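Fair warning: this is a prediction, and the values are worked out from it, not measured in the lab. In what follows, every chain begins at residue 1, and chains take the letters A, B, ... in the order their sequences are listed.
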Amino acid sequence: MRVKSPLEVYRFLPQINCAECGETTCMAFAARLIDRSKKLEDCPPLLKDEFKSKYLELARLLAPEIREIVIGTGEHAKKVGGDDVLYRHQLTFFNPPLLAYDVEDTLDDKALVERVKKIHDFKKFYVGRFLKLNGVAVRAISGDRTKFAAAVKKVAETTPLPIILCSLDPAILRAGVEAVKDRKPLIYAANETNWKEVAALALEFNLPVVLFSENLDTLKSLAVSFAEMGIKEIVLDPGTYPAGKKLRESFQRFLNLRRAGIKEGQKDVALPLMAVPMTAWFVENDPVNASYWETVLASVFIVRYADIMILHSLEPYALLPELHLRDTIYTDPRTPVKVNPGVFEVGAPTKDSPVIVTTNFALTYYTVESDLSSNKVNCYLAAVDTDGIGVEAAVAGGQLTAAKIKDTFSKAGFDFKEKTSHSTLIIPGLAARLQGDAEDATGLKVKVGPPDSGRIPGWLEKNWPPK
Amino acid sequence: MAAKKIKLSELGEMFKGLDVEALEGVKIEGDIEIDLGGAGLSPQVAQALGHETTQIAAHLINIARILGYPADKVLGIGGAPGIPAQAGRPVLRELIPAKFQANRFEDWKSQIQEVTIGATSADGGTRKSTVTLGGERALPFYPDAPMPHRPHITMDVFDMPIGMAKAVKSHYEDIINSPAEWAKKVVRDFGADMVTIHLISTDPNIKNTSARDAAKTVEDVLQAVDVPIVIGGSGNPEKDPEVLEAAAKAAAGERCLLASASLNLDYARIAKAANEFNHVVLSWTQLEINAQKELNRKLMKQCNVKRENIVMDPTTAALGYGLDYAYTNMERIRLAGLTGDQELSFPMSSGTTNAWGAREAWMTSSPIKEDSDWGAREYRGPIWEIVTGLTLALAGNDLFMMMHPGAVAVLREITQTLFGSIESEAIDISGWTARGIKP
Ligand code: B12
Ligand code: SF4
């Protein structure tokens, strides 16, 4: 982004404070553009003809440093790239890396479909949503065009996820492209030898393409040449070595490319980057070691600047940390993630159902809520307004108190006499020290649950209904 | 909208002032108009304005080519068949040459303090080896400046049996009742650089063992191993000062790391014990950069702890349970240290073992029915510890307090690889697209 302050942006806005954008003033809207929580298109007056030149100029000024490109179509289409900063605290990172898992074109139909479904279906609940994998990379092991095309076609039939076509043989790539051209696959890859044919393919079908070279002069030369030919959707793969000094050099190439792109504004290389942690499988023979090492490589490049990755292991012990780390690095550090406070129903509570207290930190709330609902516990769940702080920190910091608990129920109009037969509250194990105070403040019976909400169902079996 | 036309002579005018040496020898004669289509300057040309020499030249040559100007002949570029031209797009016969250069553009101003833990007989201790942390002049593993010391690992030893995840416990069952044997095992079998003895039995809510007992345990551990050690209290703010004082005295001259001084206990007592018996202080705060500054300042100004005797623990939260806070907190602290903040330019330590608190590390299966199968938990725990540690290693952490031997081995391998001390056989990655993996 070329502009830093709302004032610079304001100059280009209509300045009529009509509030159609949902902000009260154009200046407020300018601030939203700077923090990237609103888009130019949210200001209808700006889209009128008279403002065209200002609109275009602003679009240029606001464009992210790293080009944003799209792979795939429909609701599963994924944007990659689009970052403006080197460190997440400086703003936030945008567009979490696309994690694609490989499929070999030599698999028989059954095995292929099974693997693709596994990729498509894997999910892990976290903070109110599911963490998921988001791409399939088809690799041309067979060396056979027809076989590759058939495998690609089968993959496309099995999943709507974005597809990456992997081969260095342009004829094979072409066969793959023809099989799924309407799905906007990503082509992997053009290199020093095949670039003319691959460029022709990308141009003919208007597809995004990866350029590969571990020599950064060559990589830049490819990027400049492809840009010159009119190809805009470009991803750079500077090579991911799985071990030794070469891995260190790979890491440093990612750093230098991204720093050149963001800090120096070197537009030719300000492009999304691809890492290939699956090269781990070429140095580790044992599948557990290989999965571990692949996850390690993935972690390094999630933290330092990869926008797309190709991986192999579908072991849950590899996928869970990969998905969580991606989420860790890409959550917006500016907003404490919280839910609205209040008293909510989980399942279909009756007068005999438990009433459970937790905080409004999203991680806490959703963890508790899903532990309860997925175990079919019917109950009332109260989210106390702790400013989005978890149980233990909120007890330590004074945001979770007996008075706050009482407040939550009275604000929600929750009358224990009318709604329950037991006048009992359950508080988190980590908030045990509030028990006495809470009894005094609310006049209710207060029971202390287990420290981890995953244990509530088991705990209820022994402790509910209250004696 | 009318297509904007510019003349080649104007192009020359636009590039004036840039150092376009590579254009020498190309003389553009006549005034040919180039159709740039659309409004304003085409992005290519606009971009080219900001480019380096070779590229501007290449660009001009291409423009010249489109116009039929015999640039190839002038420059002696070969006439290999190119790809079919797109409408209005140049035919490229050769790649446009380019040089990539990333400048050393970050504003690293100051060096992280070097801190040595452990003392050999030459320095009044009895350790065979010492560990030096810090000294960085850039973020870890960056090419900008050599990183003088690799990250190190200290393994946890407890002064009484404690609850542990099953995957961890299986490695320690044989020695769980003897801190000395436990310490020997982690050094001998698991290659720990250092040992952390946690004196948790001193907690009044646990066993309330005395400070004298604790001092004895520390002596036993110092006898058992010859690597530097970390001395950890129980975390009880009332009891820790007394326990750490006694332990510091028992380990006089050994330059142990005393864990920890924090704002919620009498840090001055711990600082004083460190000064008096030649130890290093671990300055521990809870995920708050300003609190970290404040405590470091107090240790230096109020308690006269020397810079070379401070290591920081800004708190480690597990992957999925606040690692985002821990990561960014550490990265900000390290960036501040490297860019001149003298109150934050100390090496950092992480309680990486905290990763085992994440339910993904220890629960048999997901409590959430809709989740995909979590698989065997014995493989989930160690990788949780590894990824938590590795993420912080990239943020700038220098010392890792860890538990699982497998996690220790992998974290060591990756941090030393990025550090540059691990060789590997030559492998060819370029053909990964076509290389099968055995199922
Ligand atoms: C992330 C974190 C922070 C973040 C908080 C982010 C946030 N939005 O909450 C920040 C950086 C802001 C923070 C600040 C502080 N923190 Co803090 N923080 C942590 C950390 C690392 C993780 C906490 C977490 O997110 N856990 C995950 C969530 C999901 O857990 P949870 O809310 O407890 O919910 C679980 C259970 O409680 C239970 N549960 C929840 N509801 C219910 C309901 C029922 C009925 C039942 C039965 C169970 C149940 O199940 C849930 C899932 O397991 C912990 C250390 C650690 N590794 O645990 C320290 C920790 C909680 N923090 C601590 C402290 C002291 C603080 C500060 C006071 C530090 C300071 N001096 O400034 C401040 C207070 C800030 C405030 N209150 O305003 C201490 C608390 C010590 C104590 N026991 O008193 C801890 C334990 C660190 C430590 N070892 O010292 N912290
Ligand atoms: S919609 Fe546009 S013109 Fe209206 S207030 Fe928002 S920014 Fe200003």
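A salt bridge links A:Arg115 and A:Asp102; the closest N-O separation between the charged side-chain nitrogens and carboxylate oxygens is under 4.0 Å. A salt bridge does not link B:Glu360 with B:Arg377: every distance from a Lys NZ or Arg NE/NH1/NH2 to an Asp or Glu carboxylate oxygen is 4.0 Å or more.
There is no contact between A:Arg60 and chain B, counting heavy-atom distances below 4.5 Å. Neither the backbone nor the side chain of B:Gln416 comes within contact range of chain A; no heavy atom of the residue lies under 4.5 Å from a heavy atom of that chain. Contact annotation for B:Tyr321: both backbone and side-chain heavy atoms come within less than 4.5 Å of a heavy atom of chain A. When heavy atoms are compared at a cutoff of 4.5 Å, B:Leu335 approaches chain A solely by way of its side chain, counted from C-beta outward. The parts of B:Trp374 that come within reach of chain A are both its backbone and its side chain, each placing non-hydrogen atoms under 4.5 angstrom from that chain. For chain B, the nearby part of A:Phe212 is the side chain; its heavy atoms alone come within less than 4.5 Å. Residue B:Ser366: no heavy atom, backbone or side chain, is found under 4.5 Å from chain A. In this structure, the portions of B:Glu423 lying under 4.5 Å from any heavy atom of chain A include both its backbone and its side chain. Residue B:Glu370 touches chain A through both its backbone and its side chain, counting heavy-atom pairs closer than 4.5 Å. Heavy atoms of B:Leu390 lying under 4.5 Å from chain A belong exclusively to its side chain. Contacts between B:Leu139 and chain A at a heavy-atom distance below 4.5 Å involve the side chain alone, from C-beta outward.
Contacts of A:His312 classified as ring-ring contact (aromatic ring centres under 6.0 Å, His included), with partners at least two apart in sequence or in another chain: A:Trp281. When the salt bridge (charged side-chain N to carboxylate O under 4.0 Å, His left out) test is applied to A:Asp371, the partners found at least two apart in sequence or on another chain are B:Arg359.
With respect to chain B, the highest number of heavy-atom pairs below 4.5 Å among A:Ala393, A:Ser373, A:Ser291, A:Gly454 belongs to A:Gly454. Considering only heavy-atom pairs separated by less than 4.5 Å from chain A, the leading option among B:Phe141, B:Trp432, B:Tyr327, B:Tyr379 is B:Trp432. Looking only at heavy-atom pairs under 4.5 Å with chain A, the residue among B:Ile383, B:Val410, B:Asp324, B:Ile386 that has the most is B:Ile383. Taking chain A as the reference chain and counting heavy-atom pairs below 4.5 Å, the highest number among B:Leu323, B:Leu319, B:Asp428 is found for B:Leu319.
A cation-pi arrangement is not found for A:Lys220 relative to B:Phe100, the charged atom failing to lie both closer than 6.0 Å to the ring centre and inside a 45° cone about the ring normal. For the pair B:Arg435 and A:Phe282, the cation-pi test (distance below 6.0 Å, angle within 45°) is passed.
A distance of 10.5 Å separates CD of A:Glu294 from OG of A:Ser299, quoted to the nearest 0.5 Å.
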